[in-house]
A.B. asks: 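My structure is below; once you've seen it, I'll send some questions.
Given the structure is predicted, the values throughout are model-derived calculations rather than measurements.
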Amino acid sequence: MKNRIGYCGLDCDKCDAYIATVNNDDALRAKTANLWGELNGVEILPEMINCYGCKSQGAKTYFCENLCAVRKCAYQKEYETCAECANVGKCKTVGEILANSPEATDNLAKSKIK
């Protein structure tokens, strides 16, 4: 199975929203909604947790589809990932994700090599 690497380098296959969607797991949807709601200080309902990955044609969480500045930027520039951007190392938009996720940084590095 090919990994679904998001624009930012995160692996969508490992995201609880993706896992809950493909497995139709309502318990994981509820757990994810509760956690994400607490982390972001907003109400997130379990029915909002449906996502096939930020680059898919299918369902995406509201945040990923409408609010994610990384997705919006890369999508508008028609990049496969942020690795294609000459400014990725200095980018504040994706910088916080990369600072907190060595895996995302590695995924972008690997996608740049291809």
A.B. asks: Please answer whether the main-chain N or O of Asp13 pairs with a side-chain N or O of Arg4 as donor and acceptor at a distance below 3.5 Å.
C.D. replies: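 Such a contact is absent between Arg4 side chain and Asp13 backbone.
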
A.B. asks: Is the closest side-chain heavy-atom distance between Cys82 and Leu108 below 4.5 Å?
C.D. replies: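 A side-chain contact under 4.5 Å exists here.
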
A.B. asks: Does Val70 belong to the same Ile/Leu/Val/Met/Phe/Trp/Tyr cluster as Tyr75, with side-chain heavy atoms less than 4.5 Å apart forming each link?
C.D. replies: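 Yes: a chain of side-chain contacts under 4.5 Å links Val70 to Tyr75.
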
A.B. asks: Say you draw a straight line from SG of Cys51 to CD1 of Ile19; how long is it, rounded to the nearest 0.5 Å?
C.D. replies: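 The SG atom of Cys51 sits 11.5 Å away from the CD1 atom of Ile19.
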
A.B. asks: Membership question, hydrophobic clusters at under 4.5 Å side-chain separation (ILVMFWY): are Met48 and Val42 in the same one?
C.D. replies: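 Yes, because Val42 and Met48 connect within a single hydrophobic cluster, where side-chain heavy atoms sit under 4.5 Å apart.
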
A.B. asks: Give the minimum heavy-atom separation between Thr32 and Ala17, together with the two atoms involved.
C.D. replies: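 So the minimum-distance heavy-atom pair works out to CG2-N, 4.4 Å.
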
A.B. asks: If you measure from the Lys or Arg side-chain nitrogens to the Asp or Glu carboxylate oxygens, is any gap between Glu80 and Lys55 under 4.0 Å?
C.D. replies: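 A salt bridge links Glu80 with Lys55.
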
A.B. asks: Show your working on side-chain contact (heavy atoms from CB on, under 4.5 Å) between Asn107 and Leu10 and close with a plain yes or no.
C.D. replies: CA-CA 7 Å; Asn107 288 336; Leu10 291 173; over 6 Å; no

A.B. asks: Nearest 0.5 Å please: distance from the CG atom of Asp11 over to the OG atom of Ser101.
C.D. replies: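 Separation between the atoms: 9.5 Å.
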
A.B. asks: Hey, could you give me the CD/OG distance between Glu65 and Ser56, rounded to the nearest 0.5 Å?
C.D. replies: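 Between atom CD of Glu65 and atom OG of Ser56 there are 8.5 Å.
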
A.B. asks: Please check if atom CD in Glu103 has more than 12 non-hydrogen atoms from other residues, nucleotides or ligands closer than 6.0 Å.
C.D. replies: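 It does: Glu103 CD has more than 12 such atoms within range.
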
A.B. asks: Measure the spacing between SG of Cys64 and OH of Tyr18 and express it to the nearest 0.5 Å.
C.D. replies: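 Output value for this atom pair is 13.5 Å.
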
A.B. asks: Using 0.5 Å steps for rounding, measure from the CG atom of Asn23 to the CG atom of Leu28.
C.D. replies: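 Asn23 CG to Leu28 CG: 8.0 Å, rounded to 0.5 Å.
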
A.B. asks: Minimum heavy-atom separation for Cys12 and Gly53, please, with both atom names.
C.D. replies: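 Heavy-atom minimum between the residues: SG-CA, 3.7 Å.
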
A.B. asks: Honestly curious: do Leu45 and Leu35 fall in one hydrophobic cluster under the side-chain, below-4.5 Å linking rule?
C.D. replies: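 Yes; Leu35 is reachable from Leu45 via cluster members.
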
A.B. asks: Quick check for you: to the nearest 0.5 Å, what is the distance between Glu84 atom CD and Tyr7 atom OH?
C.D. replies: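 Reported to 0.5 Å precision, the distance equals 10.0 Å.
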
A.B. asks: Any chance you could lay out the side-chain contact (heavy atoms from CB on, under 4.5 Å) test for Asn50 and Arg29, step after step, and finish with the verdict?
C.D. replies: CA-CA 8 Å; Asn50 289 294; Arg29 277 189 183 99; 2.8 Å; yes

A.B. asks: Decide if atom CD of Glu78 counts as having more than 12 heavy atoms of other residues, nucleotides or ligands within a radius under 6.0 Å.
C.D. replies: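 Open: at most 12 neighbouring heavy atoms sit under 6.0 Å from CD of Glu78.
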
A.B. asks: Of all the heavy-atom pairs spanning Cys8 and Leu98, show the shortest one and how long it is.
C.D. replies: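 Smallest interatomic distance, heavy atoms only, reads O-CD2, 3.6 Å.
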
A.B. asks: Could you tell me which non-hydrogen atom of Ile44 sits nearest to which non-hydrogen atom of Gly37, and how far apart they are?
C.D. replies: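 It is CD1-N, 3.7 Å.
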
A.B. asks: When you group the ILVMFWY residues by side-chain heavy-atom contacts below 4.5 Å and let the links chain together, are Val22 and Ile49 in the same group?
C.D. replies: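 They do not share one cluster, since no chain of ILVMFWY contacts under 4.5 Å joins Ile49 to Val22.
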
